[in-house]
Amino acid sequence: MKKIAFLSMTLVLSLFLACQEDTFMEDSQVDYAPPSELEYMDMVGAREGQRIISFPPAVETGGLVPTFEIIRVKDGSGNELGEDQMAFISIENPEVEILVEEETGEDVTAINYKNAGRITVADGNLLTIDNYSFDIKVTTYPTEGGAGLETVFEDGFKLSVGPVLVNNLNYMPKTQNLLLDGSKETSKPSLGSANADVMFELADHTDIFTIDATTGIITLKEGAAVEEGTYYPQVNVINNISKEVVMFQGESFLTIIVSEEPVEIPLKTFKFFYPTMEAENTMYGYRKFVTEAGAVPDNKIWIQSGACPLAADDRPDEASGAKSVFTNIVIGGESLPHESWVVMNSQNLEDYSFGYDLSAVFWMKNQYVEYMTDGRTPTDLEVYVSSDFASSVEDATWEKVNVKLKCEINNSGTIIDGTPYPGDQKGDDPDGRKDSGANADAKWVKCTLDLSPYKDLSNFTLAFKFASYFDGSISGGTGRGGRYYISDVHMQATELPQE
């Protein structure tokens with residue numbers, strides 16, 4: 001019998017079938033046994049609610065192709081999981097692939113075993129802290145269309161799910177002031193999405209500080225001889241369920257300034273996402289999607305140009321290679337309807353949901369936009385956000401946020417609500433949006449979006465759409481689609497003051 005360990009290998013099924021049909025085998029009869037010896041590596045250290053992926057198993061099938069099925073899953077008390085919990089659990093089977101034989105050009109059926117039998121528990125699952133056992137059925141088919149050989153392996157796979165440990169212990173702001181008279185205390189720290197059944201302890205400076213084991217609030221120790229100065233206490237977070245300990249210390253975690261009089265501490269701003277956009281790649285922060293090209297070649301859609309010069313003073317060193325991207329839809333003096341997207345890398349805002357003022361900032365510019373005969377703009381740059389974008393703009397749910405933006409034209413110091421109407425603001429105004437005092441034609445506009453309504457999202461996506469509002473072709477007196485620039489897109493978190 002052949003034991004198949006499901007690693008990265010491909011079995012050419014046609015060779016297997018050829019052996020069955022060979023005349024040499026006519027007088028022979030192969031007796032296949034049901035699958036046996038299923039072996040998974042038990043999983044420990046998985047965390048509640050988080051995605052879990054097992055290693056593929058090994059199983060004895062006598063060389064036959066197996067299929068896998070999860071019959072039931074039981075918790076540590078032997079209770080079978082319900083449909084709501086099982087909906088997050090799946091198991092993979094061998095993949096049938098059709099390959100082309102290079103020499104003959106004929107199709108060859110191949111079976112890819114790379115992930116066969118691998119079990120996945122999806123992110124956001126409903127498994128609680130417990131030990132689970134999976135009953136797995138493995139089936140093989142010795143003859144095509146014939147009866148299968150199957151074995152149910154009770155407790156074939158075992159999974160231990162533990163509490164989610166604290167990843168970020170957030171005291172906000174990160175620099176706090178305690179007074180020698182003991183009248184002040186630190187803020188209560190946030191655990192983020194971690195399991196909240198924890199206890200706090202100080203690992204150093206216990207001669208001058210004390211910590212509330214339940215809340216994590218730090219105060220000066222009553223009666224202690226404390227000197228003015230700056231301290232970086234080590235705080236241990238102990239999970240009461242698993243007794244696991246996570247340690248936090250350092251200037252980026254918590255700085256305590258002890259003083260006789262209150263100290264004014266500048267609040268810090270962290271630009272936690274500042275892509276350079278120097279090439280079309282998620283490595284540089286974005287992807288483009290073209291839904292209607294019009295007359296614009298693909299290699300001219302959202303191409304690189306110089307970054308906005310007005311953003312240079314606020315641009316961090318790590319984004320020194322920043323570029324803008326732009327699309328121009330005027331080709332040969334003519335504009336055809338065009339629609340394309342720039343979708344920024346999705347961000348987890350949950351890490352900044354406590355103690356921060358969150359915002360998204362970017363610079364935009366419209367140029368060469370000329371109104372249609374009725375005075376309307378033929379195009380605009382629409383700004384959207386999504387909580388469920390994965391890989392397709394069509395499949396995601398989008399909220400248009402142009403009217404929610406606070407914008408400033410050419411560093412004028414005047415803040416306006418919403419993005420400026422494209423073009424020079426002259427002529428008829430059927431949309432009721434033209435404003436001679438907010439003329440951004442060929443000028444850079446800084447736009448800011450308050451992210452506080454989205455701070456609990458783990459998959460927040462900001463996107464820009466080049467939108468066309470006309471049919472057919474326009475040129476000259478009938479309108480001009482123009483071009484739009486996007487530059488220095490970033491997200492930032494500013495500390496809130498100590499209460």
Side-chain angles (χ1 to χ4, degrees), residues 8 50-51 53 114-115 120 123 167-168 252 269-291 293 296-328 338-352 356 358-365 381-398 401 444 446-449 451 454-455 457-466 483-493:
S8 300
Q50 296 183 354
R51 189 183 188 197
I53 302 178
K114 181 179 180 180
N115 297 320
T120 298
D123 193 35
N167 182 42
N168 290 302
S252 61
T269 295
F270 304 90
K271 292 181 172 66
F272 59 90
F273 175 62
Y274 207 122
T276 62
M277 303 180 72
E278 58 193 279
E280 182 203 331
N281 193 301
T282 53
M283 178 184 300
Y284 301 108
Y286 78 101
R287 285 177 282 178
K288 78 175 184 183
F289 297 85
V290 181
T291 51
V296 188
D298 186 74
N299 65 349
K300 296 295 184 181
I301 299 175
W302 297 117
I303 59 176
Q304 277 64 38
S305 185
C308 172
L310 302 182
D313 290 342
D314 292 330
R315 191 178 301 135
D317 292 341
E318 58 269 23
S320 59
K323 299 288 186 181
S324 68
V325 293
F326 79 94
T327 296
N328 177 49
H338 171 89
E339 182 179 286
S340 60
W341 294 69
V342 170
V343 180
M344 309 307 297
N345 290 359
S346 301
Q347 300 298 308
N348 183 0
L349 300 185
E350 286 183 321
D351 291 341
Y352 303 93
Y356 286 105
L358 289 177
S359 60
V361 181
F362 62 88
W363 294 77
M364 60 183 290
K365 180 171 68 172
L381 186 65
E382 299 177 346
V383 186
Y384 291 87
V385 298
S386 174
S387 62
D388 61 3
F389 173 78
S391 59
S392 166
V393 292
E394 291 87 356
D395 294 336
T397 304
W398 297 101
V401 294
W444 282 106
K446 181 180 181 180
C447 297
T448 301
L449 176 65
L451 296 184
Y454 314 101
K455 66 180 182 179
L457 296 182
S458 60
N459 185 50
F460 174 83
T461 308
L462 176 68
F464 305 86
K465 183 173 79 170
F466 192 124
R483 69 173 60 175
Y484 290 87
Y485 291 81
I486 306 167
S487 185
D488 288 272
V489 183
H490 60 280
M491 297 182 195
Q492 60 188 29

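The nearest pair of heavy atoms linking Y352 to L358 is CB-CD2, 3.4 Å. Here the closest non-hydrogen pair linking I301 and S340 is CG2-OG, 3.7 Å. Between M364 and C447, the shortest heavy-atom contact is SD-SG, 3.8 Å. Residues G285 and P275 share a closest heavy-atom pair of CA-CB, 3.5 Å. Of all the heavy atoms in Y286 and Q304, the pair that sits closest is OH-NE2, 2.8 Å. Of all heavy-atom pairs between L381 and Y485, the closest is CD2-O, 4.2 Å.
Atom OG of S392 is separated from atom CZ of F289 by 7.0 Å, given to the nearest 0.5 angstrom. In this structure, NZ in K365 is found 13.0 Å from CD1 in I486, a value given to the nearest 0.5 Å. The distance from the CZ atom of F272 to the NE2 atom of H490 is 10.0 Å, given to the nearest 0.5 Å. Atom CG in D351 sits 7.0 Å away from atom CG in N167 (nearest 0.5 Å). A distance of 6.0 Å separates OG1 in T120 from CZ in R51, rounded to the nearest 0.5 Å. The distance from the CE atom of M491 to the NZ atom of K271 is 14.0 Å, given to the nearest 0.5 Å.
Between the T327 side chain and the W302 main chain, a donor and an acceptor come within less than 3.5 Å of each other. Looking at T461, its side chain never comes within 3.5 Å of a backbone N or O of S346 through a donor-acceptor pair. Checked by atom type and distance alone, the side chain of K455 never pairs as donor or acceptor with a backbone atom of Y356 at under 3.5 Å.
Using a 30° and 60° split on the angle between ring planes, F460 and Y454 fall in the tilted class, from 30° to 60°. Ring orientation note: the planes of H338 and F466 are nearly perpendicular, at an angle over 60° on the 30°/60° scale.
A centroid separation of 6.0 Å or more is found between the aromatic rings of F464 and Y484.
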Checklist entry - Is there a side-chain contact (heavy atoms from CB on, under 4.5 Å) between K465 and W398 once you walk through the steps? => result CA-CA 11 Å; K465 183 173 79 170; W398 297 101; over 6 Å; no

Checklist entry - Is there a side-chain contact (heavy atoms from CB on, under 4.5 Å) between K300 and N328 once you walk through the steps? => result CA-CA 8 Å; K300 296 295 184 181; N328 177 49; over 6 Å; no

Next on the checklist: Set out, in order, the CA-CA distance, both residues' side-chain angles and the distance that settles side-chain contact (heavy atoms from CB on, under 4.5 Å) for L449 and V385, then state yes or no.
Outcome noted: CA-CA 10 Å; L449 176 65; V385 298; 3.8 Å; yes

Ignoring hydrogens and angles, write down the donor-acceptor pairs under 3.5 Å from the side chains of residues 307-323, residues two or more places apart or on other chains.
unit_1: R315; atom_1: NE; unit_2: D488; atom_2: OD1; d: 2.6
unit_1: R315; atom_1: NH2; unit_2: C308; atom_2: O; d: 2.9
unit_1: R315; atom_1: NH2; unit_2: D488; atom_2: OD1; d: 3.3
unit_1: R315; atom_1: NH2; unit_2: D488; atom_2: OD2; d: 3.1
unit_1: S320; atom_1: OG; unit_2: D317; atom_2: O; d: 3.2

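When the ring pair (Phe, Tyr, Trp, His ring centres under 6.0 Å) test is applied to Y284, no partner is found at least two apart in sequence or on another chain. For F273, the ring pair (Phe, Tyr, Trp, His ring centres under 6.0 Å) criterion is met by no residue, not counting sequence neighbours.
Q492 and T269 are not linked by any side-chain donor-acceptor pair at a separation below 3.5 angstrom, with hydrogens and angles left out of the test.
Contact of the V383 side chain with the L462 side chain is registered, since non-hydrogen atoms from C-beta on lie closer than 4.5 Å. With a 4.5 Å cut-off on side-chain heavy atoms, T291 and E394 count as touching.
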